[in-house]
Amino acid sequence: MPFIILSLFNIIVTFQNLYGWINISFLTEETIHIFYKIISFLSIIYSLSLLLVSFGMIFLKKTKAHFLWVKIFWGLFFFIDSYGAVLELGRFYTNERKSHTYLWVAFSVVIYWMIYIGLYKFKFSNEKFEIRKFLENTKASNLESKGTNDYLDKLLNLLTTQKIYLNAQLNREKVAEMLNISPGYLSQVLSKTEYKNLTAIINYYRVEEAKRLLRNSEFKNYSLVSVGLEVGFNSKSTFYNTFKKQTGLTPNEFKKQVL
């Protein structure tokens with residue numbers, strides 16, 4: 001809204017002073033000068049206020065905004081905006097218009113960086129969407145329980161039919177709740193099987209799912225990070241380490257062998 005209002009005023013002033021197409025009596029040279037002085041001051045207050053609000057959203061609240069690239073962008077824009085505020089303050093007090101060359105260069109760099117990040121993130125999101133669609137329409141690999149325990153049977157059924165391992169936040173408490181038993185009893189049940197613990201079973205399914213994706217030529221140009229995150233791992237390093245431990249190969253080495 002501030003931009004729209006100022007743009008409309010600039011158009012009116014241009015039509016009157018430059019072209020003489022309109023004649024508004026109260027738009028004298030002194031009135032216009034006062035108006036732009038006020039705008040100069042308000043532009044500082046407005047931009048710094050937005051930065052202050054966004055600082056609280058990004059750095060203080062526990063939100064999904066806790067991404068490094070968002071924080072870097074905020075830091076860059078803070079310095080650019082501070083420099084712009086200094087220029088405007090100088091203009092406000094001295095009526096001398098300072099050069100904005102460095103300001104526009106810095107701002108352009110940030111804008112191009114934002115475009116790059118945006119395109120990269122969009123590609124990444126699109127890959128995740130396509131992988132998720134594929135996973136939802138395919139059946140998971142299955143481990144045999146060998147009839148050792150009813151709760152183990154139920155767990156393997158959840159992993160196979162509902163693919164609960166795709167949830168990166170899955171933990172012992174959530175699985176125990178699904179099985180209507182205590183977390184401690186779940187650990188006790190699994191410790192008496194060949195699978196030893198819940199993490200081993202879940203990671204087995206995740207790695208098997210990743211292997212199926214890596215074998216599929218439709219996803220050969222997709223990033224390995226997208227694959228790892230969509231099968232349930234919460235970081236690239238965890239995906240790589242677990243995959244190599246289970247297969248003896250890194251995801252990239254496995255991909256080269258099968259394609």
Side-chain angles (χ1 to χ4, degrees), residues 67-69 120-121 123-179 181 183-259:
F67 294 112
L68 181 60
W69 73 271
Y120 173 76
K121 291 291 179 183
K123 176 179 179 292
F124 187 67
S125 298
N126 189 55
E127 287 181 356
K128 291 178 68 177
F129 173 76
E130 293 297 330
I131 291 172
R132 189 171 305 170
K133 201 162 62 169
F134 173 80
L135 293 177
E136 289 173 352
N137 296 322
T138 56
K139 189 176 180 181
S141 303
N142 191 16
L143 286 173
E144 294 183 5
S145 68
K146 299 179 182 179
T148 53
N149 189 285
D150 289 341
Y151 291 115
L152 180 60
D153 290 340
K154 290 179 182 179
L155 172 59
L156 296 181
N157 183 58
L158 286 172
L159 290 165
T160 305
T161 60
Q162 297 186 29
K163 295 189 174 184
I164 60 173
Y165 56 87
L166 297 179
N167 178 7
Q169 306 305 317
L170 190 67
N171 56 34
R172 189 182 63 159
E173 286 70 26
K174 290 182 180 179
V175 173
E177 186 179 344
M178 293 175 188
L179 299 174
I181 59 177
Y185 184 62
L186 174 60
S187 296
Q188 185 180 337
V189 167
L190 295 176
S191 67
K192 296 177 181 179
T193 69
E194 64 270 34
Y195 310 116
K196 300 302 179 186
N197 58 65
L198 181 63
T199 302
I201 297 176
I202 291 174
N203 283 343
Y204 169 82
Y205 276 86
R206 287 172 175 168
V207 170
E208 287 300 306
E209 199 73 85
K211 285 162 66 177
R212 288 199 307 120
L213 288 168
L214 294 175
R215 288 191 189 101
N216 194 323
S217 58
E218 290 184 21
F219 303 108
K220 66 179 180 180
N221 294 323
Y222 283 39
S223 70
L224 294 174
V225 177
S226 295
V227 172
L229 294 179
E230 278 309 296
V231 299
F233 291 102
N234 55 20
S235 70
K236 178 182 176 181
S237 59
T238 304
F239 171 47
Y240 273 55
N241 292 335
T242 306
F243 193 97
K244 186 165 186 180
K245 183 179 179 181
Q246 190 164 311
T247 65
L249 300 169
T250 66
N252 196 42
E253 289 169 343
F254 180 84
K255 185 177 181 179
K256 289 178 180 178
Q257 281 192 6
V258 297
L259 291 179

What pairs with Glu177 under side-chain contact (heavy atoms from CB on, under 4.5 Å), at least two apart in sequence or on another chain?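 Residues passing side-chain contact (heavy atoms from CB on, under 4.5 Å) with Glu177: none at all.
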
In chain order, what residues pass the side-chain contact (heavy atoms from CB on, under 4.5 Å) check against Tyr240, with sequence neighbours excluded? Leu224, Lys236, Pro251

Inter-residue atom distance [X].[atom1] - [Y].[atom2], 0.5 Å rounding:
X: Lys244; Y: Asn252; atom1: NZ; atom2: CG; result: 11.5 Å
X: Gln257; Y: Leu214; atom1: CD; atom2: CG; result: 11.5 Å
X: Tyr222; Y: Glu230; atom1: OH; atom2: CD; result: 11.5 Å
X: Phe254; Y: Arg215; atom1: CZ; atom2: CZ; result: 4.0 Å
X: Tyr204; Y: Thr242; atom1: OH; atom2: OG1; result: 15.0 Å
X: Ile164; Y: Lys174; atom1: CD1; atom2: NZ; result: 11.0 Å

Over all heavy atoms of both residues, which pair between [X] and [Y] is shortest? Give the atoms and the distance, please.
X: Glu218; Y: Asn216; value: N-OD1, 2.9 Å
X: Leu159; Y: Tyr165; value: O-CE2, 3.0 Å
X: Leu186; Y: Leu179; value: CD1-CD1, 3.9 Å
X: Ser235; Y: Leu229; value: N-CD2, 4.0 Å
X: Arg172; Y: Ser187; value: NH1-OG, 2.9 Å
X: Lys255; Y: Asn221; value: NZ-N, 4.4 Å

More than 12 heavy atoms of other residues, nucleotides or ligands under 6.0 Å from NZ of Lys220: yes or no? no

Just wondering, do [Y] and [X] contact through their side chains at under 4.5 Å, heavy atoms?
X: Tyr205; Y: Thr160; answer: yes
X: Met178; Y: Leu170; answer: yes
X: Glu209; Y: Lys163; answer: yes
X: Leu155; Y: Val189; answer: no
X: Leu152; Y: Ile201; answer: yes

Between Lys256 and Glu253, is the closest basic N to carboxylate O distance under 4.0 Å?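 No, this pair does not count.
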
Of all residues at least two apart in sequence or in a different chain, which pass the side-chain hydrogen bond (donor to acceptor under 3.5 Å, both in side chains) check with Ser217?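 With sequence neighbours excluded, Ser217 shows a side-chain hydrogen bond (donor to acceptor under 3.5 Å, both in side chains) to no residue whatsoever.
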
Just do the side chain to side chain contact (heavy atoms under 4.5 Å, CB included) check on Phe219 and Val227 with the steps written out, would you? CA-CA 9 Å; Phe219 303 108; Val227 172; 5.6 Å; no

May I ask you to check whether Phe243 and Phe233 place their ring centres under 6.0 Å from each other?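 They do not qualify: ring centres at least 6.0 Å apart.
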
